[in-house]
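Right, one structure below, let's go through it.
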Amino acid sequence: MDGEKLDRAKYILAMYDIRGKQEFIYKSSKIKEIAGASYIIRDCFKDCLYPAAKEGQSKGIFSYKENGEEDFTPEDFERHLREGYIGEVIYDGGGNFFVLYKDIESYRQVNRRFYRKLLEKTYSLQVLTSYIDEIHFDNYRNDQKELYREHRKREQAESTLYPVNTLPIVQTDYRTSLPLARLQRIGKREEKVSYESKKKYEKYEKIDKTQSEERQIKGSKLLDEMITEKGEESLLAVVYIDGNNMGAQVERCLEGKKTYEECIKALRKFSAEIQKHYIEDRIHDVDCLLDKKPEEKKGRRFVVYAGDEVTFICNARDAYALAKEYLEKLAEGSPEGEPRTSCAGIAIFHSHAPFPEAYRIAEECCESGKQLMKKGEMRYASLMDFHYCQGAFGVSLEEIRREEGTEESSRPWFAKYMERQGKEENTGLIKGNYISCESAERMAEMLSRIGRGNIKTLAFSARKNPADFRTELERIKAHQREKGLDFSLGGILDEEMQQKLIYDIALVYDLWFDPEKQKEDLREQRTEQAET
């Protein structure tokens with residue numbers, strides 16, 4: 001191909017978009033199947049698109065990540081074409097995958113083979129692709145806008161049909177309604193699973209067998225390895241964390257840039273920084289915090305970890321500290337004048353409860369933080385919300401709280417808040433209306449002085465009405481020997497906010513704010529078991 005004359009007018013800029021990621025990952029409550037689905041999405045293009053491109057008489061698609069190239073120039077791209085490639089990945093990050101092809105025919109041929117491989121290797125993963133022609137190397141920003149516009153048109157016409165439906169005589173998976181087509185060893189026995197589930201297990205086993213999963217990501221393979229005491233306290237938590245204002249961050253990295261050379265170099269660098277600061281460094285921080293904890297059951301399992309999104313499972317007792325550590329260290333590692341922030345959602349659940357439902361609640365808790373940011377017109381804030389799942393699966397978080405009468409609560413709490421770039425504000429009470437983690441911890445310390453019995457009765461009265469709460473609060477103060485109890489935290493909380501915050505803390509007091517009681521409970525449980 002060295003002597004082939006290249007025609008820039010034929011170049012095609014294509015975008016690939018994996019659809020329904022969460023649905024594909026969280027169809028199952030089996031941790032190995034969930035992890036396998038996550039790996040399939042992570043390696044989708046490596047396993048399906050690159051091989052599809054190589055099946056023709058070419059070297060396939062050039063990958064800048066595999067070849068360690070940060071820069072992009074039209075001349076380098078054309079050199080790659082002369083070397084035998086039919087296209088080049090120009091950007092892979094933040095859920096976006098862009099490929100520059102030499103012509104429309106190469107794009108179409110690759111896609112025919114790609115979708116066939118996608119069906120064989122994943123069965124139901126949906127990938128939508130769009131393209132534009134008439135590339136302008138001097139104006140990437142405009143080409144990107146045109147591609148997004150074309151992609152939105154394709155989204156509206158997208159088909160959501162599964163590859164095959166079932167017949168009445170076919171056994172089906174009760175969760176997905178897919179036909180049971182394969183046998184899979186799960187634990188000590190073989191079970192019938194769908195073709196899709198089989199592929200997820202196979203991907204997990206391949207990663208596990210070849211030890212190709214990053215060492216720092218590896219963790220507990222079984223949920224029971226993370227609970228405090230089987231049969232006594234089988235509480236776990238799923239923590240879902242998602243970055244804020246990522247679109248704005250991308251725009252900032254492209255400010256003052258226009259050409260393909262400038263924009264693509266900036267995007268590639270930005271993607272690498274996000275992976276480092278939101279994933280790699282934060283996982284290290286989480287593990288360092290766990291290493292300091294004396295409890296035996298302190299494992300974790302990262303399920304999703306890509307771009308600015310992280311989902312992990314841990315012992316319920318560790319969830320608050322780990323989420324807060326992540327959010328605080330993320331802000332500390334921000335570049336000058338550009339705070340990095342995320343929102344976290346925590347769902348506490350029993351290990352035998354359906355994990356997909358717990359994940360959904362955690363995601364909705366995270367979204368409540370983002371909604372508060374929007375409501376308060378805040379740009380630089382990291383918040384967390386939590387929910388103790390005690391039934392009502394299949395119901396939205398909003399509906400659960402409406403039924404409980406807790407839709408007006410003190411949550412979400414602020415882990416970090418900066419009114420302006422690089423300047424952290426007083427974390428006592430944010431904007432005079434919102435609770436910080438610091439205030440929640442101060443209230444928990446105040447409650448620790450009145451005894452667990454009083455905490456429960458105070459929380460019960462807080463659930464009823466302001467008059468009952470006020471009466472119970474005065475009773476507790478009158479009977480306490482210790483003077484100086486101040487549930488207003490120095491006057492920053494009015495009575496209504498005290499009532500909301502005390503109730504919210506009481507929900508998780510034993511898990512997160514009373515470590516001495518936690519250790520005492522464990523000692524008592526083990527003594528009782530030894531005696532029996």
Side-chain angles (χ1 to χ4, degrees), residues 10-27 37-38 40-42 44-45 48-49 52-53 61 87 89-101 103-119 121-136 139-165 176-178 196 242-251 254 263-264 267 271 304 306-309 356 359-360 363-364 366-367 370-371 374 396 398:
K10 292 183 178 181
Y11 296 163
I12 296 295
L13 179 61
M15 172 183 177
Y16 293 85
D17 179 20
I18 301 176
R19 313 290 288 174
K21 297 178 186 177
Q22 313 296 7
E23 181 185 357
F24 183 77
I25 292 174
Y26 295 108
K27 286 181 180 178
S38 179
I40 284 175
I41 288 177
R42 182 192 68 182
C44 169
F45 299 113
C48 299
L49 186 64
I61 298 172
V89 179
I90 62 169
Y91 177 54
D92 174 13
N96 295 318
F97 193 84
F98 293 92
V99 180
L100 191 60
Y101 286 96
D103 54 43
I104 186 65
E105 187 57 35
S106 298
Y107 168 72
R108 288 172 175 166
Q109 289 179 1
V110 168
N111 283 343
R112 292 190 192 102
R113 296 189 290 264
F114 169 58
Y115 283 110
R116 185 175 67 247
K117 290 184 181 295
L118 204 61
L119 181 64
K121 291 182 177 292
T122 75
Y123 187 68
S124 64
L125 188 64
Q126 303 284 323
V127 179
L128 183 64
T129 180
S130 306
Y131 76 92
I132 59 168
D133 50 20
E134 297 185 11
I135 304 305
H136 304 89
N139 197 340
Y140 173 80
R141 303 291 296 276
N142 186 68
D143 284 355
Q144 185 188 54
K145 289 178 182 177
E146 288 296 321
L147 184 55
Y148 282 146
R149 187 178 296 113
E150 181 64 28
H151 194 67
R152 284 192 292 271
K153 293 179 184 177
R154 296 294 305 275
E155 285 178 327
Q156 295 173 0
E158 179 187 13
S159 171
T160 57
L161 294 176
Y162 277 103
V164 66
N165 289 321
T176 64
S177 298
L178 293 174
E196 177 192 277
D242 189 39
N244 298 327
N245 306 316
M246 294 308 295
Q249 289 193 50
V250 171
E251 285 300 311
L254 293 178
C263 293
I264 292 174
L267 286 170
S271 178
V304 175
D308 63 321
E309 181 183 332
Y359 166 79
R360 180 182 60 79
E363 187 178 28
E364 290 184 29
C366 177
E367 183 60 28
K370 292 179 180 288
Q371 289 174 358
K374 185 176 181 180
S396 71
E398 182 180 4

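Only heavy atoms go into these numbers, but all of them, side chains included; no hydrogens, no water, no symmetry mates.
His151 and Ser130 make their closest contact through ND1-OG, 2.8 Å (heavy atoms, listed as atom of the first residue, atom of the second, distance). Across all non-hydrogen atoms, the minimal contact from Ile12 to Asp133 is CD1-CB, 3.7 Å. Closest approach of Ile18 to Lys21, counting heavy atoms only: O-CE, 3.6 Å. Closest approach of Phe24 and Thr122 over heavy atoms only: CE1-O, 4.1 Å. Across all non-hydrogen atoms, the minimal contact from Ala52 to Val110 is CB-O, 3.8 Å. The minimum heavy-atom distance linking Thr129 with Tyr107 is given by the pair OG1-OH, 2.9 Å.
Not a single donor-acceptor pair under 3.5 Å links the side chain of Tyr101 to the backbone N or O of Ile61. Asp143 places a side-chain N or O within donor-acceptor distance of the main-chain N or O of His136, the cut-off being under 3.5 Å. The backbone N or O of Asn142 sits less than 3.5 Å from a side-chain atom of Asn139, completing a donor-acceptor pair. The backbone N or O of Gly243 sits less than 3.5 Å from a side-chain atom of Lys370, completing a donor-acceptor pair.
Between Tyr16 and Phe114, the distance separating the two ring centers is shorter than 6.0 angstrom.
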For this session: List the steps, then state whether side-chain contact (heavy atoms from CB on, under 4.5 Å) holds for Arg154 with Asp17.
Result: CA-CA 11 Å; Arg154 296 294 305 275; Asp17 179 20; over 6 Å; no

Exercise. Does the pair Gln22 and Tyr359 meet the rule for a side-chain contact (heavy atoms from CB on, under 4.5 Å), with working shown?
Worked result: CA-CA 10 Å; Gln22 313 296 7; Tyr359 166 79; 2.9 Å; yes

For this session: For side-chain contact (heavy atoms from CB on, under 4.5 Å), just list the numbers for Val127 and Phe97, CA-CA rounded to whole Å, side-chain angles, deciding distance to a tenth of an Å, and then say yes or no.
Result: CA-CA 11 Å; Val127 179; Phe97 193 84; over 6 Å; no

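Classification of the Phe98-Tyr91 ring pair by plane angle, with boundaries at 30° and 60°, yields parallel.
A donor and an acceptor atom, one from each side chain of Glu23 and Gln126, are nowhere located under 3.5 Å apart.
At a threshold of 4.0 Å, the pair Lys374-Glu367 does not count as salt-bridged, since none of the basic side-chain nitrogens sits closer than that to a carboxylate oxygen. Here Glu105 does not pair with Lys10 in a salt bridge; the nearest charged N to carboxylate O distance is not below 4.0 Å.
Atom CZ of Arg112 is separated from atom CD of Gln109 by 6.0 Å, given to the nearest 0.5 angstrom. To the nearest 0.5 Å, the span separating CD on Glu146 from CD on Glu134 amounts to 9.5 Å. Rounding to the nearest 0.5 Å gives a distance of 8.0 Å between CG of Leu125 and SG of Cys48.
More than 12 heavy atoms of other residues, nucleotides or ligands shown are found within 6.0 angstrom of NZ on Lys117.
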